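What you see below is based on every heavy atom in this structure, not just the backbone, and it leaves out hydrogens, waters and symmetry mates. Just so you know, ligand 1 is whichever comes first in the structure, and atom 1 is the first atom listed for that ligand. What you are looking at is a predicted structure, and each value in this text was computed from that prediction instead of being measured.
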Amino acid sequence: MDQNSITVTLTENKKEIPQSNQLEFGRIYSDHMFIMDYEASTGWHSPRIVPYQNLVLDPAAIVFHYGQTVFEGLKAYVTKQGNVQLFRPEKNMERLNRSNDRMCIPRIDEDFGLEAIKKLVSIDKDWIPTAPGTSLYVRPFIISTEPYLGVAPSKKYQFIIILSPVGAYYKEGINPIKIAVESKFVRAVSGGTGEAKTAGNYAASLKAQEVVAEQGYAQVLWLDGVERNYIEEVGSMNIFFKINGEIVTPALNGSILEGVTRNSVIELLKKWEIPVIEKQISMDDIYQAYQDGHLEEAFGSGTAAVISPVGELAWNDDKLKINNGEIGPIAKKLYDTLTGIQYGAEADPFGWIVEVE
Ligand SMILES: *Cc1c(COP(=O)(O)O)cnc(C)c1O
């Protein structure tokens with residue numbers, strides 16, 4: 001299959017495109033969507049771009065009952081010169097297939113998946129907002145559609161891509177967030193589905209998020225599911241700490257989601273010759289560094305916020321203030337460089353940008 005095999009039906013009722021400066025995250029969808037189907041007998045087939053519309057599914061579809069589904073998230077940006085670009089989208093397609101493997105969902109052709117994203121974004125390119133910090137969020141996902149109440153991998157699937165214009169994550173400059181270390185609930189355990197981008201992980205995280213939100217925290221910092229001591233990640237971000245001049249981040253251990261932004265941060269730090277180490281990190285290590293005055297920065301990394309500095313970590317009865325609640329120099333440099341590359345304002349020495357015609 002190539003781009004030409006995707007049939008296109010354009011909408012006859014174009015929606016009004018929202019103002020760039022009034023956007024939230026994930027509330028508005030563009031005019032078109034991509035769909036293709038899978039049956040065990042034929043494999044993936046009938047790729048098509050159609051007007052954005054509701055799905056018609058049997059109430060017994062497996063996805064509703066047992067959550068056999070995976071998703072991805074990336075963004076399309078428009079540069080000052082008007083070029084449309086994606087940031088490392090092949091990484092998202094690779095990860096989609098890793099998630100598929102874990103969830104017993106048939107793989108997609110990664111090159112074709114990327115062609116589908118490009119074609120859809122190109123058709124709806126007027127939907128890419130232009131105000132600073134805004135972008136068009138791309139959400140590819142796969143659902144299991146076979147009607148069957150038995151617990152077994154589905155024999156039918158749909159691969160769908162939708163687009164959502166999203167506002168600037170930081171409307172008034174980057175403000176460090178306060179996060180609570182979660183010692184009661186866990187997100188994932190080794191051997192579970194933590195490293196797959198699959199719905200159940202997020203359903204499982206809602207309760208903890210609800211509890212800390214009442215206490216004024218933006219997110220939770222997840223610890224490992226066995227000892228409740230080793231740091232995993234934050235909400236939908238990976239986490240980094242600067243301790244005594246060195247950047248540390250939890251090593252991938254099977255329960256952490258491997259972020260594209262995480263990987264990009266590590267690559268940039270290496271290029272800048274700033275020491276960066278992936279290892280097991282305990283909350284005791286962090287607390288010790290804090291008491292010694294060596295906890296210099298903490299920040300999350302993810303597609304939505306890019307870099308999100310952490311100004312305070314609440315752990316049991318302690319409140320660890322980091323860098324006076326201000327963004328640190330490394331987090332700032334990473335944010336400026338990554339967004340510079342994404343919006344085409346900075347050179348792209350790694351070849352991370354993929355142009356959309
Ligand atoms: C998507 C996600 C991330 C960040 O991944 P990016 O590719 O950098 O956006 C981190 N943790 C979780 C749980 C996620 O779902």
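A donor-acceptor contact closer than 3.5 angstrom links the side chains of T193 and N201.
Checked against the 6.0 Å centroid criterion, the rings of Y77 and F87 do not qualify as a close aromatic pair.
The closest approach between R95 and ligand 1 falls below 4.0 Å for a heavy atom of the residue. Residue contacts with ligand 1 include R187, since one or more of its heavy atoms lies under 4.0 Å from the ligand. By the 4.0 Å heavy-atom criterion, A304 is excluded from the residues contacting ligand 1.
Rounding to the nearest 0.5 Å gives a distance of 11.5 Å between CG of L223 and CD1 of I281. If you take CD on Q342 and OG on S264, they are separated by 8.0 Å, rounding to the nearest 0.5 Å.
Atom 5 (O) of ligand 1 has G259 CA, 3.3 Å as its closest protein atom, hydrogens excluded (heavy atom only). The protein atom (non-hydrogen) at minimum distance from atom 11 (N) of ligand 1 is E233 OE1, 2.5 Å. In terms of protein heavy-atom proximity, atom 9 (O) of ligand 1 is closest to T303 OG1, 2.6 Å. The shortest contact between atom 4 (C) of ligand 1 and any protein heavy atom is with S236 O, 3.6 Å. Distance from atom 8 (O) of ligand 1 to its nearest protein heavy atom, with residue and atom name: T261 OG1, 2.6 Å.
Taking only non-hydrogen atoms, the option from E232, E258, K197 nearest to atom 2 (C) of ligand 1 is K197.
F159 pairs with exactly one of N100, D37, V70, L96 by the side chain to side chain contact (heavy atoms under 4.5 Å, CB included) rule, that one being L96.
Linking Ile, Leu, Val, Met, Phe, Trp and Tyr residues whenever their side-chain heavy atoms come within less than 4.5 Å leaves I247 and I243 in two separate clusters.
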